[in-house]
Structures are given as structure tokens and as C-alpha cells.
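Everything below concerns the one structure shown next.
One-based numbering along the sequence shown.
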Amino acid sequence: MATKTDDVTKTDDVTKTDDVTKADDEQAPAVDTEAENAETDGLEELEESGELEEVEELEEKAPSGVGQGAGAVVSAALGLVSLNGGWIGGVASAREQLIGQLRTSSSASVAQQLTAVYGNAWQTTALWAGLFAVVALITGAVVLARPAFGAPGRPQAPWIRSVAWAGVSLGVVGLLLAVLKYSDALLGLPSAS
């Protein structure tokens with residue numbers, strides 16, 4: 001008397017599992033080829049209907065994050081430049097110093113000479129540093145806010161967020177230093193008394 005259970009056939013208290021295992025091994029490659037055939041059939045159907053081109057176009061249109069990464073790096077670089085005013089700040093400071101020397105007469109008081117020659121140059125450096133700091137802040141904020149307006153399901157890379165936050169932080173510090181330098185709260189002009 002033979003009874004059949006799930007995978008094992010019993011006949012007179014003898015179990016035939018070897019035959020079942022061999023049969024499963026022979027059927028496994030057939031399943032794999034069926035899956036491969038189904039994939040190629042699906043691709044052929046997409047090619048025929050023109051949907052494959054649409055899928056490829058959508059994949060090509062997806063943002064790669066290169067612009068966001070570049071913006072984050074620019075923000076951090078501008079934040080670093082804002083800490084010292086940069087080359088442009090140095091040139092503007094030297095120009096302001098020269099203008100102060102030309103406009104100050106030799107009969108002017110020491111306080112007037114200090115203000116005209118050094119004070120205005122110091123404030124010009126602070127203005128340029130503040131400008132770089134504001135641009136670093138804006139650039140970093142735009143990079144951080146960009147994913148809210150981008151493609152859903154495309155998270156921003158962690159390194160981009162980190163570098164953008166560094167740019168924002170450096171921009172805040174640079175702006176604070178620029179305000180302190182401009183208002184003479186940090187390294188103000190010496191008194192001429």
C-alpha cells in the first residue's frame with residue numbers, strides 16, 4: 001500500500017527520499033531557465049512597446065548629485081576664505097590704505113592718520129570677509145535645502161551634507177569675525193593719545 005505525503009513516498013515502511021532529491025535537482029535548472037526566459041520576454045515586450053526607452057530616459061534624467069557636491073565644496077571653501085578675507089580683501093585693503101595716505105595731509109593729527117590709513121583698510125578687509133561669509137552661508141543653505149525640492153526617493157549623500165554643514169559653520173564663524181572686525185570690537189585701532 002503506497003501513501004504519498006508532501007515530498008516523500010512511503011511504500012511498506014520504506015522511504016524513498018533519494019528519488020525525490022534527484023527529481024528536485026533535475027527540476028531546479030529548468031526553473032532558472034524559465035526565470036531567464038521570463039526576463040528576456042519582459043525586456044522584449046518593453047522594447048516593442050517603447051517603454052524601455054522611457055525607462056532609460058528617466059534613469060538618465062535622475063540627478064547624480066554632482067552639482068550638490070560641488071555646491072557643498074564651494075560653500076566650505078568660501079567659508080575658509082571668509083576667515084581671512086582672501087586675496088581680494090587684501091588687495092582692497094592695500095588700495096584703501098594707499099587712498100588714506102594720499103588724502104591725509106602731513107598736518108593731520110595722529111588719530112586722523114591712523115583712521116585714514118589703517119582703520120579704513122581694516123574695515124575694508126572685514127567687509128570682504130563678511131561678503132564671502134554670506135555667500136558661503138547662502139550656498140551651504142541651498143545645498144542643504146535642495147533635497148526637499150528634488151526627486152523623491154533620492155536621498156542626499158552623507159558626505160555632501162557634512163561638507164555643506166561645514167561650509168555653513170565656517171560661514172557663521174567668518175560672518176561673526178567680520179562683524180567684530182568691522183565694529184572694532186576685535187583688534188580695534190589703538191588710541192592715539
Side-chain angles (χ1 to χ4, degrees), residues 54-193:
E54 292 175 12
V55 170
E56 289 175 355
E57 288 176 13
L58 288 176
E59 288 176 356
E60 290 174 7
K61 290 180 183 178
S64 64
V66 172
Q68 292 178 23
V73 170
V74 166
S75 174
L78 288 172
L80 284 173
V81 169
S82 75
L83 295 178
N84 65 4
W87 177 79
I88 293 176
V91 169
S93 173
R95 182 179 184 276
E96 194 65 37
Q97 190 174 12
L98 181 61
I99 290 172
Q101 288 174 351
L102 293 173
R103 289 190 181 164
T104 305
S105 67
S106 59
S107 63
S109 69
V110 174
Q112 288 175 338
Q113 288 178 359
L114 280 175
T115 302
V117 175
Y118 300 108
N120 293 342
W122 183 248
Q123 289 179 338
T124 301
T125 303
L127 283 174
W128 279 100
L131 179 69
F132 281 117
V134 168
V135 173
L137 277 169
I138 291 171
T139 306
V142 167
V143 169
L144 289 171
R146 174 65 176 100
F149 304 105
R154 292 283 310 220
Q156 193 175 43
W159 74 268
I160 294 174
R161 293 176 50 90
S162 298
V163 174
W165 275 114
V168 168
S169 301
L170 289 170
V172 167
V173 171
L175 188 60
L176 178 66
L177 288 174
V179 168
L180 291 174
K181 284 191 286 187
Y182 190 82
S183 66
D184 288 334
L186 179 68
L187 301 174
L189 285 176
S191 62
S193 51

Residues Val135, Phe132; criterion side-chain contact (heavy atoms from CB on, under 4.5 Å); working and verdict
CA-CA 5 Å; Val135 173; Phe132 281 117; 5.7 Å; no
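- When all heavy atoms are compared, the tightest approach of Ala133 to Gly171 is CB-O, 3.3 Å.
- Taking all atoms of both residues into account, the shortest heavy-atom contact from Ser93 to Thr125 is CB-OG1, 3.1 Å.
- Between Ala126 and Ala178, the closest heavy-atom pair is O-CB, 3.4 Å.
- Closest heavy-atom contact between Ser82 and Gly174: OG-CA, 3.5 Å.
- Taking CG of Leu137 as the reference point, atom OG of Ser169 lies at 9.0 Å (rounded to 0.5 Å).
- For the pair Ala92 and Trp128, the tightest heavy-atom approach, listed with the atom from each and the gap, is CB-NE1, 3.4 Å.
- With Tyr182 as the fixed residue, the side chain to side chain contact (heavy atoms under 4.5 Å, CB included) test singles out one of Thr124, Leu127, Leu177: Leu127.
- Using a distance-only test at 3.5 Å, with no hydrogens or angles considered, a donor-acceptor pair links the side chain of Gln156 to the main chain of Val143.
- For the atom pair Leu102 CG and Gln97 CD, the distance stands at 11.0 Å (nearest 0.5 Å).
- Here the CG atom belonging to Leu131 is positioned 10.5 Å from the CG atom belonging to Leu175, to the nearest 0.5 angstrom.
- For the atom pair Ile160 CD1 and Ser75 OG, the distance stands at 12.5 Å (nearest 0.5 Å).
- Rounding to the nearest 0.5 Å places CG of Leu78 at 11.0 Å from CG of Leu83.
- Summarising the geometry of Gly86 relative to Asn84, their closest heavy-atom pair is N-OD1, 3.0 Å, with the distance given to 0.1 Å.
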